[in-house]
Amino acid sequence: MEINKNYKNLEASYLFSTIAKKVKEFAEKNPDKKVIRLGIGDVTRPLCKSVVEAMKKAVDEMGTFEGFHGYGPEQGYDFLKEKIQGYYKEKNVTLKLDEIFISDGAKSDLGNILDIFSKENTVLIPDPVYPVYVDTNIMQGRKIIFAQANQENNFLPLPNDDVKADIVYICSPNNPTGAVYNKEQLKKWVDWANKNNAVILYDAAYECFINDNNLPRSIFEIEGAKTCAIEFCSLSKTAGFTGTRCGYTVVPFELEFDDMSLNKMWLRRQTTKFNGVPYIVQRGAEAVFSEQGQKEIKENIDYYKKNAKIIADTLTKHNVWFTGGVHSPYIWLKCPNNMTSWEFFDFLLEKAQVVGTPGAGFGKNGEGFFRLTSFGTNELTKEAMERLDKMLTTYCK
């Protein structure tokens with residue numbers, strides 16, 4: 001018996017454990033000081049009323065012989081897929097029901113989709129990056145190369161014909177940088193993928209924060225994408241489903257390699273290894289896409305965007321360079337006074353008692369940058385920015 005030795009190649013994830021340790025030590029030494037956390041990527045607003053009511057109704061159904069549901073279709077119930085199909089139609093994207101697969105979240109599918117690809121493939125991943133892209137490929141032993149995202153390209157790297165890869169990850173709006181590709185930029189990636197016989201794994205988990213019609217909310221708004229892209233989305237940030245777990249993946253029928261349909265391969269993978277998302281959760285997800293549900297979740301999203309503007313305005317006042325904060329819940333700022341990511345973390349905690357996330361934890365190109373999130377309360381975000389304003393005025397001129 002041999003274990004998967006690729007796990008030896010994984011770097012231990014010290015980022016958030018180190019943050020927790022530092023914050024705990026500071027709190028113990030300074031019990032009179034209130035620490036405000038703006039580093040968490042988890043939502044804080046409760047599920048909207050329409051979702052809760054739909055789930056309660058589904059629970060009652062499950063308590064009757066007539067309404068009980070056992071095993072459901074692994075790829076999701078049609079009632080939810082039809083709603084998602086309509087949601088994409090509003091973006092002028094036409095999908096067939098069988099191209100939509102309901103999942104328990106984008107993170108799961110982003111890792112599991114690798115089952116249908118050869119381990120001999122080369123993977124192109126942006127740096128800085130959401131760690132799941134890197135770690136899941138290391139676990140399977142694939143060769144990884146990095147697309148260099150940096151301040152010069154506004155953390156939106158474009159394809160290079162000299163770089164050859166079989167799979168490329170794109171996240172827009174991006175985690176951690178908050179940067180968003182426009183249609184012309186995404187078109188370059190789509191053309192590159194079709195030219196190089198590559199597949200784009202497109203993470204659209206934060207698409208709901210985009211409010212500019214000139215910015216794509218789906219890669220399938222781009223001509224040619226259905227022959228080279230798979231899209232992953234989640235209700236975690238859209239509707240607060242981080243603890244409820246529901247998302248969806250779109251695998252177009254046009255996506256074929258070596259005379260094999262990736263749609264059929266993914267269907268076979270899911271029906272073999274996945275029992276589907278609970279009926280109760282899917283009924284709640286269905287309510288997200290109702291007229292009333294869309295109105296209610298927009299209120300939550302606008303709440304977070306208001307927080308993001310408060311953060312962005314404070315940074316702008318002090319001429320601190322940043323991306324995000326407009327079409328994203330994340331604000332990615334350049335550390336003042338040429339501090340490293342961890343130096344700024346310690347400085348911010350000591351002088352303002354505010355916690356964020358050091359950019360170095362997201363990759364080599366994250367060094368010297370810092371991530372703040374808008375997922376806190378409005379009151380705490382305002383207080384945190386008042387402290388940051390004072391700190392920047394006093395120490396970072």
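Residue indices begin at 1 and follow the sequence shown. The shown structure was predicted, so the numbers you read here are calculated from the model rather than taken from an experiment.
Not counting sequence neighbours, Lys119 has no partner by the side chain to side chain donor-acceptor pair (under 3.5 Å) test. For Ala204, the side-chain contact (heavy atoms from CB on, under 4.5 Å) criterion is met by Tyr202, Glu207, Glu231, Cys233, not counting sequence neighbours. Every residue two or more places apart in sequence or in another chain was checked for a salt bridge (Lys or Arg N to Asp or Glu O under 4.0 Å) with Lys89, and none qualifies. Shown here are the salt bridge (Lys or Arg N to Asp or Glu O under 4.0 Å) partners of Asp191, two or more places apart in sequence or in another chain: Lys187. Under the rule for a side chain to side chain donor-acceptor pair (under 3.5 Å), Glu386 has no partner lying at least two apart in sequence or in another chain. Taking the side chain to side chain donor-acceptor pair (under 3.5 Å) definition, one finds that Lys22 meets it with Asp346, sequence neighbours left out. Residues satisfying the salt bridge (Lys or Arg N to Asp or Glu O under 4.0 Å) test with Lys8, not counting sequence neighbours, are none.
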Can you give me every donor-acceptor pair (side chain of residues 32-39, partner residue at least two apart or in another chain, under 3.5 Å) with its distance?
| unit_1 | atom_1 | unit_2 | atom_2 | d |
| --- | --- | --- | --- | --- |
| Lys34 | NZ | Glu383 | OE1 | 2.8 |
| Lys34 | NZ | Glu383 | OE2 | 3.3 |

Could you go through residues 316-325 and list every donor-acceptor pair under 3.5 Å that involves a side-chain atom there, pairing it with any protein atom two or more places apart or in another chain?
| unit_1 | atom_1 | unit_2 | atom_2 | d |
| --- | --- | --- | --- | --- |
| Thr316 | OG1 | Ala312 | O | 2.9 |
| Lys317 | NZ | Asp389 | OD1 | 3.3 |
| Lys317 | NZ | Asp389 | OD2 | 3.1 |
| His318 | NE2 | Asp389 | OD1 | 2.5 |
| Thr323 | OG1 | Thr177 | O | 2.6 |

Which donor-acceptor pairs under 3.5 Å do side chains of residues 288-295 form with protein atoms, sequence neighbours excluded?
| unit_1 | atom_1 | unit_2 | atom_2 | d |
| --- | --- | --- | --- | --- |
| Ser290 | OG | Ala287 | O | 2.7 |
| Ser290 | OG | Gly293 | N | 2.9 |
| Gln292 | NE2 | Glu296 | OE2 | 3.0 |
| Gln294 | NE2 | Val288 | O | 2.8 |

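Aromatic ring centres of Phe220 and Tyr88: separated by at least 6.0 Å. In this structure, Trp332 has its ring center under 6.0 Å from that of Phe155. In this structure, Phe362 has its ring center at least 6.0 angstrom away from the ring center of Phe369. Taking the six-membered ring for Trp and the full ring otherwise, Tyr248 and Phe101 have centroids separated by 6.0 Å or more.
For Lys91, the NZ atom counts as densely surrounded, since its 6.0 Å shell holds more than 12 non-hydrogen atoms of other residues, nucleotides or ligands. A 6.0 Å sphere centred on CG of Asn338 holds no more than 12 heavy atoms belonging to other residues, nucleotides or ligands. Within 6.0 Å of atom NZ in Lys164, more than 12 heavy atoms from other residues, nucleotides or ligands are found, so the atom counts as buried in its surroundings. For Asn213, the CG atom sits in a loose shell: 12 or fewer heavy atoms of surrounding residues, nucleotides or ligands are nearer than 6.0 Å.
A salt bridge between Glu379 and Lys382 is absent, with no side-chain N of the basic residue lying under 4.0 Å from a carboxylate O of the acidic one. In summary, Asp302 and Lys298 engage in a salt bridge, as defined by a charged side-chain N under 4.0 Å from a carboxylate O.
Of the possible polar contacts, one joining the Tyr304 side chain to the Arg45 backbone as a donor-acceptor pair under 3.5 Å is found.
Under the salt bridge (Lys or Arg N to Asp or Glu O under 4.0 Å) criterion, the residue pairs touching residues 259-274 are Asp115-Arg269, Asp115-Lys273, with sequence neighbours excluded. For residues 349-374, no residue pair satisfies the salt bridge (Lys or Arg N to Asp or Glu O under 4.0 Å) rule, not counting sequence neighbours.
Tyr169 pairs with exactly one of Phe146, Phe232, Tyr133 by the ring-ring contact (aromatic ring centres under 6.0 Å, His included) rule, that one being Tyr133.
Ring geometry for Trp192 versus Trp189: interplanar angle over 60°, hence perpendicular rather than tilted (30 to 60°).
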